[in-house]
Amino acid sequence: MKDSIIIELLQNTAILLAFALLYENFWINNENSKSIGAKIKIGLILSGIGVVLMFTPWSWVPGIVFDTRSVMITIAGLFFGPIPTIITMAITSIIRLLIGGDGRWMGIAVIISSGTIGLLWRSFRPNWKTKKPYLELLTLGILVHIAMALCTFLLPSDKILSTLKTIALPLIFIYSPSTMLLGVIMLRQYKNKKNRWAKLKLDESERRLTQVLESGNILSLLLNKDGSIKYCNNYLLQITGYAQKEIMGKNWFEIFIPKDIKDEIHQVFSNSINSKSLEKNYEIMILSKSGEQLHISWYNTVLHSDSNEVIGVASIGVNITRRKVYERKLVEKNNEYKQINRKLIEAKEKAEESERLKSAFLANMSHEIRTPMNGILGFADLLKEPDLLIDQQQQYIQVIEKSGNRMLNIIDDIIDMSKIESGILQVNSEELDINEIIDYIHIFFKSEIIDKGIQFVCKIPVPSKKVIIKTDGEKLASVLVNLLKNAIKFTLQGSIEFGYEVKEKHLEIFVKDTGIGIPIAKQEVIFERFIQVDIEDKMAQQGAGLGLAISKAYVGLLGGEIWVASEVGQGSVFYFTIPYNTEMIAKNTFVKIDIDLKDENQIKNLKILIAEDDKASAMLIEIELEKFTSEILKASTGVEVVEICRNNPDIDLILMDIKMPIIDGYEATRLIRQFNKNIIIIAQTAYSLVGDREKSIESGCNDYISKPISKKKLLELMHVYFNNES
């Protein structure tokens, strides 16, 4: 009896193993894509296995037989799905109905409940293969065979209890574990088959990938999830200078990534592995074996196993080092062009502003020159009146003289500005007493300011001592005069104060007034040339707008700085500094002492040649010199000067105009010196530019005088060269 049970159990086991082989060889491949016909065919085969199981039962006790159809149909529902399982359930149920007997309804119920539970488990527990599959299969087996036990209530009532007692132990110790074991066998078949396919696919993918990656000038790289190098192509080795044996299996980040970013990049890689997501496009710098920096643009892909586990990273890259170099140069060029463009825009704006200011300046110059000219010409015309009183004549002459001085000041400002812009302005430093300069200027302006009803204050720290500085006295005085003139112009009441304070290594000189003040927006630009004509103030319309620009240039040449503090309606304070050396000793004074001129009558009977192409200027010079001369000759061109001098070797003095037709005064002087070395030649010019005196002396002149010719200066020169003449 026992041998018979063992044989019958072995038969059932063999049938179930055949069922398992059917799953491995005919179902696993492309399970989800099988056609309806294939699924029906498998259903018929499963039905046949079920029928075979029903006809190979085994007996635990006489009168009650068992078969393992419940195990097979349950696992069929779990692994094969609805169509094959429903077909199996239908056919085996029909066969069981035909077999008949008291247990037919129980048998049919077992078939239906087993298949149904298997299908429901497949549907509602889809992840059972990955989440504790052994426990899942055992639970499934127990649940199916609890249902089988309940199916005994479909037997005749007199057989229910005895049948339950008979099948209880087999259901618990044989059928439930058998369900689990059969499921485990088929699950392993499933996993083994999938792993074999995955390996084949991976090997094929790697083979194809290797073929692709070895072609073309692209870098290819496979990294394991720990960062070790699994594969790299020859192009990567070529550009980095490594041999394959030097890097295979080594950590990518340790070899190729610069130290300063190694930890950061490795962290990004680790985070990507953990999150199963990697930034696909990534640019990074790597190092070659020689330390050369290479810029690589990578396209990255995280590699997964069939179970969705990360196994590494595949990357292909393009060497963009040259492009980066070009981009950097392009950026540099672009920045350079931007700077050039910005400078061009600034230059354009400055040019436009300069053009606008120049137009305003020229309009103002026209006004400034025409105004004194109107006074000169108008009052000169009035002097022609026959019944003019002497007092009126003197009054008109003073107006003419004042208008002439005003026009001369404007011309001097323009000349000074041209010297500054041409860079030919020179500094003639000498040691001077600053107190003497301040005192001189105070006396010069005192009467004018007081007559205007304004208080005038001069502040000197130590009036009784000499404070010696080494500077250009004329330029220093010019700055102070310009600032005081502005203060006088814009101050209607209150006070004007000027002076200086001794700082650590410089003197800080100031001019303070209670005038109209300067808007904040204008304070930064008032030192620019022509700017004053742009100030919307009627009082600013007199003047060329060059005074502060000249003052700024002079202060800069003297080694100092100039600035202003002002508030509209409250007044202004102009400050400027000049270097101060406390160890210097006085050598010169600022105010020049006039030489003691001898009586004009001591210089007589000179033969003088006036070289001048302007008749008015020639007439003026002739009038000034007629008291010294016995004969005056005139020439209007350089050629005439040379010819007259050659024909009159007894000429004592030539007043040589530099600008004359045909040949200028310089060339005429050089020609005269070829045959007359002793004649006194004094150059006269209206240019008044730096270097004119030196150029005149170099050409052969004895001295130089600028136009308009000062009577006093002319007399000084006459006494210098002819004080022994009778």
Side-chain angles (χ1 to χ4, degrees), residues 413 416-417 419-421 423-445 456-488 495-515 517-518 520 522-529 531 546-567 571-592 690:
D413 280 350
D416 285 344
M417 200 68 230
K419 292 176 183 178
I420 290 166
E421 292 196 345
I424 62 175
L425 201 63
Q426 295 179 347
V427 176
N428 300 312
S429 295
E430 56 183 341
E431 292 183 2
L432 303 167
D433 181 2
I434 183 65
N435 287 348
E436 193 173 323
I437 298 173
I438 297 292
D439 185 58
Y440 172 80
I441 294 175
H442 180 250
I443 294 170
F444 184 84
F445 282 103
F456 190 34
V457 181
C458 176
K459 286 194 174 182
I460 299 176
V462 188
S464 59
K465 285 188 177 182
K466 289 186 176 183
V467 179
I468 305 303
I469 59 174
K470 188 172 184 180
T471 190
D472 189 321
E474 289 186 4
K475 291 182 177 59
L476 173 58
S478 177
V479 175
L480 274 170
V481 168
N482 274 329
L483 296 180
L484 283 167
K485 282 183 178 179
N486 277 348
I488 294 169
S495 64
I496 295 175
E497 180 182 328
F498 84 114
Y500 70 92
E501 294 181 3
V502 180
K503 300 294 184 178
E504 185 176 352
K505 291 185 178 180
H506 64 269
L507 299 182
E508 185 177 277
I509 304 170
F510 65 91
V511 175
K512 181 179 180 181
D513 65 63
T514 57
I518 304 168
I520 293 177
K522 296 292 184 183
Q523 290 179 19
E524 293 184 2
V525 297
I526 58 171
F527 294 103
E528 301 297 328
R529 58 180 183 169
I531 281 294
L546 297 174
L548 289 177
I550 293 170
S551 297
K552 180 181 178 182
Y554 280 0
V555 171
L557 287 171
L558 297 178
E561 297 179 351
I562 187 170
W563 69 97
V564 64
S566 183
E567 186 176 347
S572 306
V573 185
F574 283 85
Y575 300 92
F576 69 93
T577 61
I578 55 174
Y580 175 49
N581 187 346
T582 57
E583 298 178 356
M584 287 189 288
I585 302 172
K587 291 184 179 180
N588 298 302
T589 57
F590 171 72
V591 181
K592 294 182 178 179
V690 173

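Distance OG1/T471 to CD/E431: 11.5 Å, rounded to 0.5 Å. We find the CG-CD1 distance between L432 and I437 to be 5.0 Å, quoted to the nearest 0.5 Å. Taken to the nearest 0.5 Å, the CD1 atom of I441 stands 11.5 Å off from the CD atom of E436. Rounding to the nearest 0.5 Å gives a distance of 12.5 Å between NZ of K459 and NE2 of H442. Atom CG of D513 is separated from atom CG of N486 by 9.0 Å, given to the nearest 0.5 angstrom.
The side-chain heavy atoms of F574 and I518, taken from C-beta on, include a pair separated by under 4.5 Å. When side chains are defined from C-beta on, K485 counts as touching F445, because their heavy atoms get closer than 4.5 Å. Under the 4.5 Å side-chain criterion, counting only non-hydrogen atoms from C-beta, L483 is not in contact with F510. Side-chain contact between F576 and S551 is absent, with no heavy atoms from C-beta onward closer than 4.5 Å. Annotation: side chain of Y554 is not in contact with side chain of D472 (no heavy-atom distance under 4.5 Å). Counting only heavy atoms from C-beta outward, the side chains of I468 and D433 approach each other to under 4.5 Å.
Checked against side-chain contact (heavy atoms from CB on, under 4.5 Å), T514 has the following partners two or more places apart in sequence or in another chain: T491, S495.
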Apply the test side chain to side chain contact (heavy atoms under 4.5 Å, CB included) to residues T577 and W563: give CA-CA distance (whole Å), side-chain angles for both, the deciding distance (0.1 Å), then the verdict. CA-CA 9 Å; T577 61; W563 69 97; 3.9 Å; yes
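In terms of heavy-atom proximity, I509 sits nearest to Y500 at CG1-CB, 3.8 Å. The shortest heavy-atom contact between K470 and S429 is CG-CB, 4.2 Å. Among all heavy-atom pairs drawn from G517 and S572, the shortest one is CA-OG, 3.6 Å.
Here the options are N482, V479, L484, the test is side chain to side chain contact (heavy atoms under 4.5 Å, CB included), and the partner is V511; only L484 passes. Tested against I434 for a side chain to side chain contact (heavy atoms under 4.5 Å, CB included), the candidates I460, V502, L476 yield a single pass: L476.
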